[in-house]
Structure formats: structure tokens, C-alpha cells
Amino acid sequence: MSASKEKLKLGPLPKVELTKLSFACTTVLRDELERYAALHAQTYGEPVDVSALIPHMLAAFMAQDHTFRRAQQVDRRTPARPASAGRQSSVPAR
């Protein structure tokens, strides 16, 4: 089957506001990411840099992690406590 007739799991990339984050990976993973970027560019007709793919890959991975999703739902239902709640101040009152 031709890659151009199939869709990759990661579709066309949306335009989003970015922040910079650095990480270390193995050379094997770097090479795989570069091959994925090349296949993505071939499939969707737009050149794409590996650094543009990684955030979308991580977001897709996290979206499919059921345990992480459930934990987020529990966090949203739990009321937030003020940072000072439950803490005793070591500074005497004046």
C-alpha cells in the first residue's frame, strides 16, 4: 500500500502557539522521528520538522492514556484549596 493513500495516525498539524521545551532522546528515536517527519511530509504535501511533530505526538499519546484521562477528571471534580489552607505560619502575628 502506498503511504499517500493511507492516513497516518497523526494528521495534518494545526497552527498553535508554542513554547520551547528541550529533551534528550536516543539516536534511534531521533532517526525514527526523522523518518516519521519525512513520511508525514510526503503524505500531507507539506514539509514538517521533527520539533513540530513531537508536541502533537505527545498530545495524542496523552489523549489515549485512559488512566491519565481519569485522573484529570478526578482533579477537575476536587475543589482547589488555597495555597495557605492547612498551613501554620511560622511568622508570629503582630
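Here the structure is a predicted model, which means the values were calculated and not measured.
Of all heavy-atom pairs spanning Ala41 and Pro47, the tightest one is CB-CA, 3.8 Å. When all heavy atoms are compared, the tightest approach of Leu33 to Leu53 is O-CD1, 4.5 Å.
Legend: side chain to side chain donor-acceptor pair (under 3.5 Å) pairs involving residues 44-53, not counting sequence neighbours, sorted by first then second residue: Asp49-Ser51. Residue pairs that meet the side chain to side chain donor-acceptor pair (under 3.5 Å) test with at least one member in residues 24-34, sequence neighbours left out, are Glu32-Arg35. The side chain to side chain donor-acceptor pair (under 3.5 Å) contacts involving residues 12-22 comprise nothing, where partners must be two or more places apart or lie in separate chains.
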In residues 54-71, what donor-acceptor pairs under 3.5 Å come from side-chain atoms, sequence neighbours left out?
residue	atom	partner	partner atom	Å
Asp65	OD1	Thr67	N	3.2
Asp65	OD1	Phe68	N	3.0
Arg69	NH1	Gln72	OE1	2.7

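Proximity of a side-chain donor or acceptor of His40 to a complementary backbone N or O of Gly45 within less than 3.5 Å is not detected.
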